[in-house]
Amino acid sequence: MTAEMVAPAWMHEQITAEEYDSWSEEQCTGIEVVDGMVVVSPSASKRHSRPARILANALDAAAGPEWNADTDFDVRLQDVPLTNRRPDVVVYRADTIDVTPTRPEHVLLVAEVVSPGSETTDRIVKVDQYAKAGIGFYWRIEQAATGVPLVYTYILDPATRTYRDAALLTPHAPPAGPAVPG
């Protein structure tokens with residue numbers, strides 16, 4: 001069995017931004033490009049897609065007319081070598097909705113839902129790539145044993161192009177009870 005029978009030739013060679021831009025939206029779905037190399041991602045499970053959709057809907061409703069929140073489209077982090085990522089949720093300037101490719105300067109926030117198999121990429125690799133690209137906020141969503149998602153938030157330090165912890169959000173957490181006098 002040859003490598004071509006397992007995967008097409010373009011998966012074994014670096015591609016340029018121009019080549020990628022010539023592909024159809026269907027060809028680009030389910031892939032990311034890192035340092036010019038195509039990385040195929042399996043289809044997201046319902047357990048993965050649901051929190052991303054809920055978060056995107058909530059952010060879109062809260063964003064006002066200046067910002068949009070969506071799922072499943074490319075953010076072009078760099079042209080050479082080509083690096084396109086598909087964050088699970090992207091908050092971007094509404095006036096750039098028809099601008100292709102979406103670039104870091106159009107983006108306010110990216111969020112990734114951590115799934116089995118994406119832990120290292122979502123906790124280390126993408127954090128570094130998004131920070132170096134200058135995206136102001138990065139959120140990482142993880143499922144806790146309780147079933148309540150944990151949202152780790154990071155804010156960009158523009159001087160170092162690294163993220164620092166912002167806060168840990170726990171949606172639907174019960175309110176704290178009154179203090180009991182001691």
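Nothing fancy with the numbering, it's 1 onward along the sequence.
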Participant: Between Glu119 and Arg140 (salt bridge meaning N to carboxylate O under 4.0 Å), is one present in this structure?
Facilitator: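 No, no charged N to carboxylate O under 4.0 Å.
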
Participant: Suppose we screen for salt bridge (Lys or Arg N to Asp or Glu O under 4.0 Å). Which residues come up paired with Arg103, at least two apart in sequence or across chains?
Facilitator: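 With neighbours one apart ignored, the set is Asp79.
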
Participant: Suppose we screen for side chain to side chain contact (heavy atoms under 4.5 Å, CB included). Which residues come up paired with Leu108, at least two apart in sequence or across chains?
Facilitator: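 If we apply the side chain to side chain contact (heavy atoms under 4.5 Å, CB included) test to Leu108, skipping adjacent residues, the hits are Trp67, Val91, Phe137.
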
Participant: Using the test salt bridge (Lys or Arg N to Asp or Glu O under 4.0 Å), find all partners of Arg86 that sit at least two apart in sequence or belong to another chain.
Facilitator: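 Listed in chain order: Asp72, Asp74.
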
Participant: Any side-chain heavy atom of Gln143 within less than 4.5 Å of one from Pro51?
Facilitator: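 When only atoms from C-beta onward are counted, Pro51 and Gln143 do touch, with a gap below 4.5 Å.
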
Participant: Test of understanding: with salt bridge (Lys or Arg N to Asp or Glu O under 4.0 Å), list the residues that count as partners of Arg123, not counting sequence neighbours.
Facilitator: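 With neighbours one apart ignored, the set is Glu142.
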
Participant: Can you name the side-chain hydrogen bond (donor to acceptor under 3.5 Å, both in side chains) partners of Thr71, sequence neighbours left out?
Facilitator: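 Testing Thr71 for side-chain hydrogen bond (donor to acceptor under 3.5 Å, both in side chains), a comparison that skips the adjacent residues, returns none.
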
Participant: Hydrophobic clusters here meaning ILVMFWY residues chained together by side-chain heavy-atom distances under 4.5 Å, can you tell me if Leu150 and Ile54 are in one?
Facilitator: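 No: no chain of side-chain contacts under 4.5 Å links Leu150 to Ile54.
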
Participant: Side chains of Tyr138 and Ile135: does their closest heavy-atom pair fall under 4.5 Å?
Facilitator: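 Side-chain contact under 4.5 Å: no.
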
Participant: Does a side-chain heavy-atom distance below 4.5 Å link Trp23 with Thr29?
Facilitator: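 A side-chain contact under 4.5 Å is absent here.
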
Participant: Within the 4.5 Å heavy-atom criterion, are Pro101 and Asn84 side-chain neighbours or not?
Facilitator: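 They are not in contact (no side-chain heavy atoms under 4.5 Å apart), so the answer is no.
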
Participant: Where is the tightest heavy-atom contact between Ile155 and Ala166, given as atom of each residue plus distance?
Facilitator: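 Here Ile155 and Ala166 meet closest at N-CB, 4.2 Å.
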
Participant: Same cluster or not: are Tyr154 and Ile124 linked, directly or through other Ile, Leu, Val, Met, Phe, Trp or Tyr residues, by side-chain heavy atoms under 4.5 angstrom apart?
Facilitator: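 No: no chain of side-chain contacts under 4.5 Å links Tyr154 to Ile124.
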
Participant: So, the side chain of Thr83 versus the backbone of Leu77: is there a donor-acceptor pair under 3.5 Å, distance only?
Facilitator: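 Side chain of Thr83 to backbone of Leu77, a donor-acceptor pair under 3.5 Å: no, none is there.
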
Participant: Under the salt bridge (Lys or Arg N to Asp or Glu O under 4.0 Å) test, which residues partner Asp60, sequence neighbours left out?
Facilitator: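 Partners of Asp60 under the salt bridge (Lys or Arg N to Asp or Glu O under 4.0 Å) test: none.
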
Participant: What pair of heavy atoms forms the shortest contact from Ala111 to Ile141, and how long is it?
Facilitator: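 Nearest heavy atoms, Ala111 then Ile141: CB-CD1, 3.8 Å.
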
Participant: Shortest non-hydrogen contact from Pro104 to Ala133?
Facilitator: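 Reported closest heavy-atom pair: CB-O, 3.3 Å.
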
Participant: Decide side-chain contact (heavy atoms from CB on, under 4.5 Å) for Val34 and Gln129; before the verdict, give the C-alpha distance in whole Å, the side-chain angles of both, and the deciding distance to 0.1 Å.
Facilitator: CA-CA 10 Å; Val34 179; Gln129 290 173 337; 3.7 Å; yes

Participant: Considering residues at least two apart in sequence or located in another chain, which fulfil the side-chain hydrogen bond (donor to acceptor under 3.5 Å, both in side chains) criterion with Thr121?
Facilitator: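 side-chain hydrogen bond (donor to acceptor under 3.5 Å, both in side chains) check on Thr121 returns nothing, list empty.
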
Participant: Indicate yes or no: at least one non-hydrogen side-chain atom of Val39 is less than 4.5 angstrom from one of Ile31.
Facilitator: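 Val39 vs Ile31: side chains apart.
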
Participant: With rounding to the nearest 0.5 angstrom, report the CG to NZ distance, Asp128 to Lys126.
Facilitator: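 The NZ atom of Lys126 is 13.5 Å from CG of Asp128, to the nearest 0.5 Å.
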
Participant: Of all heavy-atom pairs between Ala69 and Ala56, which one has the smallest distance, and what is that distance?
Facilitator: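 The answer is CB-O, 3.4 Å.
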
Participant: Sort and list the pairs that fulfil salt bridge (charged side-chain N to carboxylate O under 4.0 Å, His left out) and have at least one residue in residues 19-31, not counting sequence neighbours.
Facilitator: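 Listed once each, the pairs are Asp21-Arg76.
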
Participant: When you check the side-chain N and O atoms of Glu112 and Tyr130, is any donor under 3.5 Å from an acceptor?
Facilitator: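 Side-chain D/A pair, Glu112 to Tyr130: present.
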
Participant: Tell me the closest heavy-atom pair linking Val89 and Ala52, and the distance in Å.
Facilitator: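 That closest heavy-atom pairing would be CG2-O, 3.3 Å.
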
Participant: Side-chain contact, heavy-atom cut-off 4.5 Å: Leu82 with Gln78?
Facilitator: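 The answer is no, as the side chains (C-beta and beyond) never meet within the 4.5 Å cut-off.
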
Participant: Of the non-hydrogen atoms in Ala94 and Pro65, which two are nearest, and what is the gap between them?
Facilitator: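 So the minimum-distance heavy-atom pair works out to CB-O, 3.3 Å.
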
Participant: Who passes side chain to side chain contact (heavy atoms under 4.5 Å, CB included) against Asn57, sequence neighbours left out?
Facilitator: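 So Asn57 forms a side chain to side chain contact (heavy atoms under 4.5 Å, CB included) with Arg53.
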
Participant: Could I get the full list of side chain to side chain contact (heavy atoms under 4.5 Å, CB included) partners for Thr160, not counting sequence neighbours?
Facilitator: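 If we apply the side chain to side chain contact (heavy atoms under 4.5 Å, CB included) test to Thr160, skipping adjacent residues, the hits are Asp157, Thr162.
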
Participant: Do Phe73 and Thr102 come within less than 4.5 Å of each other through their side chains, counting heavy atoms only?
Facilitator: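 Phe73 reaches Thr102 side chain to side chain.
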
Participant: State, without any angle test, whether Asp88 and His48 hold a side-chain donor-acceptor pair at a distance under 3.5 Å.
Facilitator: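 The criterion, which ignores hydrogens and geometry beyond distance, is satisfied for His48 and Asp88.
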
Participant: Flag yes if Val114 and Val127 sit in one hydrophobic cluster, no otherwise; membership is Ile, Leu, Val, Met, Phe, Trp, Tyr, and two members link when side-chain heavy atoms are under 4.5 Å apart.
Facilitator: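 No; tracing contacts between hydrophobic side chains, which count when under 4.5 Å, never links both residues.
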
Participant: With the 4.5 Å side-chain cut-off for hydrophobic clustering, are Val90 and Tyr163 part of the same group?
Facilitator: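 In one cluster with Val90: Tyr163, yes.
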
Participant: Backbone N or O of Asp35 within a donor-acceptor pair of the Gln14 side chain at under 3.5 Å?
Facilitator: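 Indeed, once roles are kept as given, a pair shorter than 3.5 Å links the two residues.
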
Participant: Once side chain to side chain contact (heavy atoms under 4.5 Å, CB included) is applied, do any residues pair with Ile97, and if so which ones, sequence neighbours excluded?
Facilitator: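 Listed in chain order: Asn68, Tyr92.
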
Participant: Listed by chain and number, what are the side-chain hydrogen bond (donor to acceptor under 3.5 Å, both in side chains) partners of Arg161, not counting sequence neighbours?
Facilitator: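 None.
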
